[in-house]
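To start, the structure under review is shown below, and the notes come after it.
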Amino acid sequence: DVKVTQSSRYLVKRTGEKVFLECVQDMDHENMFWYRQDPGLGLRLIYFSYDVKMKEKGDIPEGYSVSREKKERFSLILESASTNQTSMYLCATAQSSGNTIYFGEGSWLTVV
Amino acid sequence: AQSVTQLDSQVPVFEEAPVELRCNYSSSVSVYLFWYVQYPNQGLQLLLKYLSGSTLVKGINGFEAEFNKSQTSFHLRKPSVHISDTAEYFCAVSESDDKIIFGKGTRLHILP
């Protein structure tokens, strides 16, 4: 079975804090993604990576950065958290273009 | 750049009635198309996908979708809905660059 594990299900952080969200997959997939999900806005792509150390901006990269040092791990970093980054963050993986995307359970982040 | 439009944010349907959830996309190249479902308090899972070949694609739980290249549409249909189909449905598009873009989602409400 496919497994995409997000390290934290629920986090509460203060404005200005640095936040790390970790995602690990066990399927040897090439592509990994970070989305945020907000009511009425659907899933919006923040960043994706198609290989180790490679990254591409999605539609809303501002305020975020990512790191992919190993194939199985893709981290999302909020350098200085703000209240408008309160959201559900979803990690996903896919072997390559056209293949099924597998999602993690999501990380609920609240910034106060 | 690709984009996805889900024309209806909410669709109410009586139980055992047919339903169609609309999805239009824009892209300048060949695309892969997906429908994902998110049941209440659960993660996203694949309903069906179109990669190539037959334009009518059958998925899980009795859903099907038809790819229409001239109308750039990929509408999702089910001939008879059940209360258990209550969920949010997301259309997604992927070009060969591995980027996967989702629509804003359509909430399906099944009325008794």
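The structure presented is a predicted model; accordingly, all values stated were derived computationally and were not measured. Below, chains carry the letters A, B, ... as their sequence lines are ordered, and counting in each starts from 1.
With a 4.5 Å cut-off on non-hydrogen atoms, A/L43 touches chain B through its backbone and its side chain both. B/L44 touches chain A through backbone and side chain together, each having a heavy atom under 4.5 Å away. Contacts between B/Q45 and chain A at a heavy-atom distance below 4.5 Å are absent for every atom of the residue. For A/L90, the part sitting under 4.5 Å from any heavy atom of chain B is the side chain, from C-beta outward, and nothing else. If you measure heavy-atom distances from B/F102 to chain A, the contacts under 4.5 Å come from both the backbone and the side chain. The contact between B/Y36 and chain A is made entirely by side chain atoms (from C-beta outward), counting heavy-atom distances below 4.5 Å.
For the 3.5 Å distance criterion, the side chains of A/Y64 and A/Y89 qualify, holding a donor opposite an acceptor. Between the side chains of A/E79 and A/S65, at least one donor-acceptor pair of N or O atoms lies under 3.5 Å. If you check the side chains of B/S80 and B/E16, you find no donor sitting under 3.5 Å from an acceptor.
Ion pairing between a basic and an acidic side chain is recognised when a charged N comes within 4.0 Å of a carboxylate O; B/K99 and A/E56 show no such pairing. With salt bridges taken as basic N to acidic carboxylate O contacts below 4.0 Å, none links A/K53 and A/D51.
In terms of heavy-atom pairs under 4.5 angstrom with chain B, the leader among A/E30, A/M88, A/Q37 is A/Q37. The most heavy-atom pairs under 4.5 Å with chain A, out of B/R107, B/Q10, B/Q38, come from B/Q38.
In this structure, B/Y89 has its ring center closer than 6.0 angstrom to the ring center of B/F63.
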